[in-house]
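Below you'll find the structure, written out as structure tokens, and then a few comments.
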Amino acid sequence: MCCPSSESSAPFWPASSQGPRERVPKVATYNVNSIRARFERLLAWLAREQPDVVCLQEIKVTEDEFPRMELEAAGWHAAIHGQRTYNGVAILSRNPLDDVQPGLGDDANDPEARVLSGRLGALRVVSVYVPNGQVVGSDKWTYKLDWLRRLRGYLERTGSPEEPLVVCGDLNVAPEDRDVAFPAQWLGSVLTHEAARAALRDVAAWGLADAVRRHHPDGPGPFTWWDYRMLGFPKGDGMRIDHILATRPLVERCTGAYVVREERKGKQPSDHAPVVAVFQDL
DNA sequence: ATGGTTGCTTAGCAA
């Protein structure tokens with residue numbers, strides 16, 4: 001009937017995207033670890049999974065190197081915040097994104113491409129690649145903790161916990177020990193350190209809830225990342241560091257959330273698996 | 001106890 005874009009009261013998903021049956025909009029996040037290395041696998045997974053919107057991290061290309069044409073041929077719109085060699089985030093969507101904004105928009109003048117947001121109807125989508133931190137105590141570690149503080153500031157400035165909003169991505173933090181297959185081995189690492197956990201909790205305290213944990217209340221897992229090194233996947237040495245966080249009114253309508261562990265198997269997998277959440281009545 | 005992998009870029013870094 002009407003345009004999906006302008007009104008905050010508009011449905012999350014435009015009528016034109018709705019099939020004969022009621023749509024159950026699907027949001028996904030996937031650290032592809034180079035979109036060039038993962039392109040064929042990504043296309044095949046998108047065709048099977050049929051999400052409505054997909055947040056990508058570690059695309060490792062600038063916008064001009066991004067395979068936009070090939071994705072458009074497969075029916076995807078793409079918003080890109082690219083970077084050569086490292087980092088880089090994108091959002092793929094069946095319908096075009098509005099209000100696309102790269103970066104945290106603070107005055108830090110940060111050269112690293114780690115966040116991109118856009119809007120689909122009333123839903124705001126934020127694709128995030130939190131710094132890894134490398135080694136506790138290093139400059140990169142300080143940057144990680146500071147970046148998480150800046151992310152909290154970004155949400156305060158640009159969003160509202162009352163609106164339907166998702167923060168999706170590789171947050172490089174396993175929030176609790178049950179998010180780690182072998183917590184003793186990872187004690188005090190950059191992914192499990194209490195300071196990183198506290199910084200992520202402070203981001204969530206703005207008004208975000210963990211969609212996947214809601215649907216997997218016990219753990220351990222489900223895990224989303226297994227290190228290439230030390231043969232983490234065959235050893236079952238996984239961690240849950242990729243997340244879909246939703247504002248409270250939105251997470252109430254999350255009817256399912258899962259990790260696509262199959263995507264970590266087979267030929268040339270990313271070290272991460274995709275994470276998916278479905279929402280009702282959007 | 002140790003080492004092990006992958007991607008980008010080309011020997012070193014990042015994860």
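Note that the coordinates shown come from a computational prediction; the quantities given were computed from them, not determined experimentally. Computed over heavy atoms, backbone and side chain alike; hydrogens, waters and symmetry mates excluded. To find a chain, count down the sequence lines: A is the first, B the second, and so on, and within it residues start at 1.
- Residues meeting the side chain to side chain contact (heavy atoms under 4.5 Å, CB included) test with A:Arg84, sequence neighbours left out: A:Thr62.
- Applying the ring pair (Phe, Tyr, Trp, His ring centres under 6.0 Å) rule to A:Phe233 yields the partners A:Trp226; only residues at least two apart in sequence or on another chain are considered.
- Judged as a salt bridge (charged side-chain N to carboxylate O under 4.0 Å, His left out), and not counting sequence neighbours, A:Arg157 has no contacts.
- Applying the ring pair (Phe, Tyr, Trp, His ring centres under 6.0 Å) test to residues at least two apart or on different chains, the pairs with a partner in residues 193-219 of chain A are A:Trp141-A:His193.
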Please write out each protein N/O paired with an N/O of nucleotides 1-6 of chain B under 3.5 Å, distance rounded to 0.1 Å.
residue : atom : partner  : partner atom : Å
B:dT5   : O4'  : A:Tyr228 : O            : 2.9

So what's the dot-bracket for DNA chain B: Watson-Crick or G-U pairs under 3.5 Å, [ ] if a pair crosses, | if it pairs off-strand? ....((((...))))
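- Residue pairs meeting the ring pair (Phe, Tyr, Trp, His ring centres under 6.0 Å) criterion with at least one member in residues 169-192 of chain A, sequence neighbours excluded: A:Trp186-A:Trp225.
- In this structure, A:Phe233 reaches neither bases nor backbone, as no heavy-atom distance under 4.0 Å exists between it and the strands shown.
- The hydrophobic cluster containing A:Leu187, built from Ile/Leu/Val/Met/Phe/Trp/Tyr side-chain heavy atoms closer than 4.5 Å, comprises no other residue.
- Partners of A:Asp237 under the salt bridge (charged side-chain N to carboxylate O under 4.0 Å, His left out) rule, at least two apart in sequence or in another chain, do not exist in this structure.
- Between A:Asn172 and A:Ser34, the residue anchored closer to the 5' end of DNA chain B is A:Ser34, taking for each the nucleotide with the nearest heavy atom.
- Sorted by residue number, the members of residues 131-145 of chain A with any non-hydrogen atom under 4.0 Å from DNA chain B read A:Asn132, A:Gln134, A:Lys140.
- Side-chain heavy-atom separations under 4.5 angstrom define the hydrophobic clusters, and A:Leu231 shares its cluster with no other residue.
- Residues that satisfy the salt bridge (charged side-chain N to carboxylate O under 4.0 Å, His left out) test with A:Glu263, not counting sequence neighbours, are A:Arg41, A:Arg48.
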